[in-house]
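These notes concern the structure reproduced below.
Keep in mind that what you see is a predicted model, and the values were worked out from it rather than measured. Ligands are counted one by one from 1 in listed order, and the atoms in each one are counted from 1 as well.
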Amino acid sequence: MTAQTAAIIGGGVIGGGWAARLLLMGWDVRVFDPDPEAARKIAAVLDNARRALPGLSDVALPPEGRLSFHNTIPAAVADVAWIQESVPERLEIKHKTYQTLQEHCPPDAVIGSSTSGFKPSELQNGAMRPEQIVVAHPFNPVYLLPLVELVPSPKTAPEITQRAKDILTSIGMHPLHVRAEIDAHIADRLLEAVWREALWLINDGIATTEEIDNAIRYGFGLRWAQMGLFETYRIAGGEAGMRHFIEQFGPCLEWPWTKLMDVPELTDGLIDAVADQSDAQSGQYTIRALERARDDNLVSILRGLKAQDWGAGKLLNEQDRRVEGAVKLPDDLSAPIVTVERAVPLDWTDYNGHMNEARYLQAFGDATDRMMLLVGCDADYIATGGSYFTAETHICHLDEVHAGALIRIETQVLHGAGKKMHLFHRMFTGDRALATGEHMLIHVSLETRKASEPAPALAATLAKVAEAHAALPTPEGAGKAVGVRG
Ligand SMILES: NC(=O)C1=CN([C@@H]2O[C@H](COP(=O)(O)OP(=O)(O)OC[C@H]3O[C@@H](n4cnc5c(N)ncnc54)[C@H](O)[C@@H]3O)[C@@H](O)[C@H]2O)C=CC1
Ligand SMILES: C[N+](C)(C)CC(=O)CC(=O)[O-]
């Protein structure tokens, strides 16, 4: 991915999140925000994002882009490819912002608006070039949640919508093309319905903020994260599926179970009840502490979905493949081969605040998998019935490493002939050595589950690497038994 430049107009909760995602995906970012505290606030969001986002990826992200702050809109928007407007949700502020920025920005730049509820045609009213404006509505935290509702109006140029889709996909987001513009798009309509009903439950003294949150997080919230509403209800209909579900629960709509047709009046009493209950529920935490807890949980959920290759996890796997490009054995075999390059994920750290010992084995296991792939033991080969099993492993821990740090594993083939593949992995962060892992693998037949000779092509590739690596010095620690160092 080549470095491109984006302008963020309004660097609050959402603008800060956009800035963090773009920077960590390699974009240069220019910010305009009249708030003198904007730089400090964005630095705090960026700290959280650096801790959480890179580790979502199983491959290294591009180098972080450059962040700069500008005192005027013209200085921020000159020569940029993307402008994300995230000023307060007030139409007159948004209109004024478009007027200034369109006088100074490239006419082919995408102008995305973070608006939660305005239709693109409302934003475009009075604009110099309405065709340049599209709603790009993200979800908080923008650096972790992939959804962005992309809403063009009939006046938005199709090439702007297409470019917006391409750029959003390239920074790991899922652009959901909302084909008809409506107030609050798709997701905020749904959120608003739940929010309204929750306010009624408090207004009527039925439940507290905490009880409502528990009703969500112990139950359907977990289902929604992976299957949404319709797939979940399809299963709830049993073997007869959706038709049976509607037959059984359709009448409830008319009883009715909800009060959605009415909006609760936001009286002082209701506001006090919601705010006081929320303080009682979570007032012992700072907002920054809650943000970190939220990010830790989201990273764990997203990485779990990645392992299942499902929903948002599938999207993350696709993004990894895009960022990584083609995987092949290097032409130059005169040095150990880089088999892993990635950031330490939040869920790899433990009660000691550093990467847990089990994750060293996981990272070395990933390095071994990559080495197998590079010598030709790929999915097609494994489907023919041959593979490698690890027979012995020896890990030396040399130094600690923390969440978000970039780790690199370099692999040397110590022996690669017949049934044996003997690997030596060294793990680094920058120049600092973190661990070594020595692994003996045996080629097996997946049918007999016993040692077997590898296919000739695989054996030849492995032998070529082993021969080249034989010229390298024997790594310090190779063949060492467990003992006290020093
Ligand atoms: N907070 C949320 O959960 C979400 C908000 N949004 C949308 O994002 C937009 C921004 O909302 P937030 O970030 O929550 O608000 P915010 O209040 O956190 O940030 C707004 C920022 O805009 C700055 N600002 C004010 N006037 C400005 C101007 N004329 N030019 C440039 N900057 C200006 C403020 O100093 C502030 O830093 C809104 O349209 C909102 O609907 C979208 C998704 C979620
Ligand atoms: C409350 N909200 C309408 C500003 C929410 C959003 O727009 C999206 C989100 O992050 O929930």
Side-chain angles (χ1 to χ4, degrees), residues 6-21 29-46 48-49 69-77 83-105 111-120 122-123 133-151 168 173-176 178 182-199 213 216 221 224-225 263 266 274 278 287-288 290-291 294-295 298 312:
I8 301 295
I9 309 299
V13 172
I14 291 304
W18 275 107
R21 178 179 277 274
V29 171
R30 302 193 200 143
V31 177
F32 168 75
D33 190 312
D35 179 0
E37 292 285 296
R40 181 189 59 75
K41 289 182 187 167
I42 288 189
V45 177
L46 198 47
N48 281 349
F69 290 87
H70 300 265
N71 293 329
T72 63
I73 289 183
V77 301
I83 298 157
Q84 186 66 27
E85 169 275 298
S86 303
V87 302
E89 188 76 345
R90 299 239 310 271
L91 203 49
E92 72 281 10
I93 304 184
K94 295 199 186 271
H95 281 160
K96 214 165 152 234
T97 303
Y98 298 140
Q99 192 183 331
T100 315
L101 71 85
Q102 286 202 313
E103 281 166 12
H104 297 92
C105 74
I111 301 177
S113 172
S114 298
T115 181
S116 298
F118 291 121
K119 297 194 278 280
E122 292 175 286
L123 301 175
I133 299 171
V134 65
V135 166
H137 174 234
F139 291 76
N140 192 29
V142 185
Y143 54 83
L144 286 183
L145 297 189
L147 179 64
V148 57
E149 292 180 297
L150 191 67
V151 199
L168 292 166
M173 301 189 90
H174 176 75
L176 177 63
V178 181
I182 52 164
D183 294 317
H185 331 309
I186 297 173
D188 274 356
R189 280 225 164 169
L190 298 170
L191 285 176
E192 182 85 353
V194 176
W195 171 235
R196 221 180 297 164
E197 198 60 31
L199 289 177
D213 283 349
I216 296 171
W224 280 5
V263 180
L266 283 175
V274 174
S278 175
I287 295 296
R288 293 292 173 213
L290 283 172
E291 279 175 348
R294 174 202 64 193
D295 289 0
L298 284 174

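The backbone N or O of Gly117 lies less than 3.5 Å from no partner atom in the side chain of His137, so there is not a single donor-acceptor pair.
Within 4.0 Å of ligand 1, heavy atoms belong to protein residues Ile9, Gly10, Gly11, Gly12, Val13, Ile14, Phe32, Asp33, Pro34, Asp35, Ser86, Val87, Pro88, Glu89, Ile93, Lys94, Ser114, Thr115, Ser116, His137, Pro138.
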Run Arg288 and Glu291 through salt bridge (Lys or Arg N to Asp or Glu O under 4.0 Å) and show every step you take.
CA-CA 5 Å; Arg288 293 292 173 213; Glu291 279 175 348; 2.7 Å; yes
For ligand 2, list every N/O pair with the protein closer than 3.5 Å, one pair per line with the distance.
| residue | atom | partner | partner atom | Å |
| --- | --- | --- | --- | --- |
| ligand 2 | 7 (O) | Ser116 | OG | 2.8 |
| ligand 2 | 7 (O) | His137 | NE2 | 2.7 |
| ligand 2 | 7 (O) | Asp188 | OD1 | 3.4 |
| ligand 2 | 7 (O) | Asp188 | OD2 | 2.8 |
| ligand 2 | 10 (O) | Asn140 | N | 3.0 |

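Asp188 is listed as a side-chain neighbour of Leu191, based on a closest heavy-atom distance under 4.5 Å. Between Asn140 and Arg294, the closest side-chain pair of non-hydrogen atoms falls below 4.5 Å. Using a 4.5 Å cut-off on side-chain heavy atoms (C-beta onward), Pro141 and Leu298 make contact. No side-chain heavy atom of Ile83 sits less than 4.5 Å from a side-chain heavy atom of Phe32. When side chains are defined from C-beta on, Leu91 counts as touching Leu123, because their heavy atoms get closer than 4.5 Å. Looking at Val194 and Leu190, their side chains never come closer than 4.5 Å, going by heavy atoms from C-beta outward. Looking at Cys105 and Ile111, their side chains come closer than 4.5 Å, going by heavy atoms from C-beta outward.
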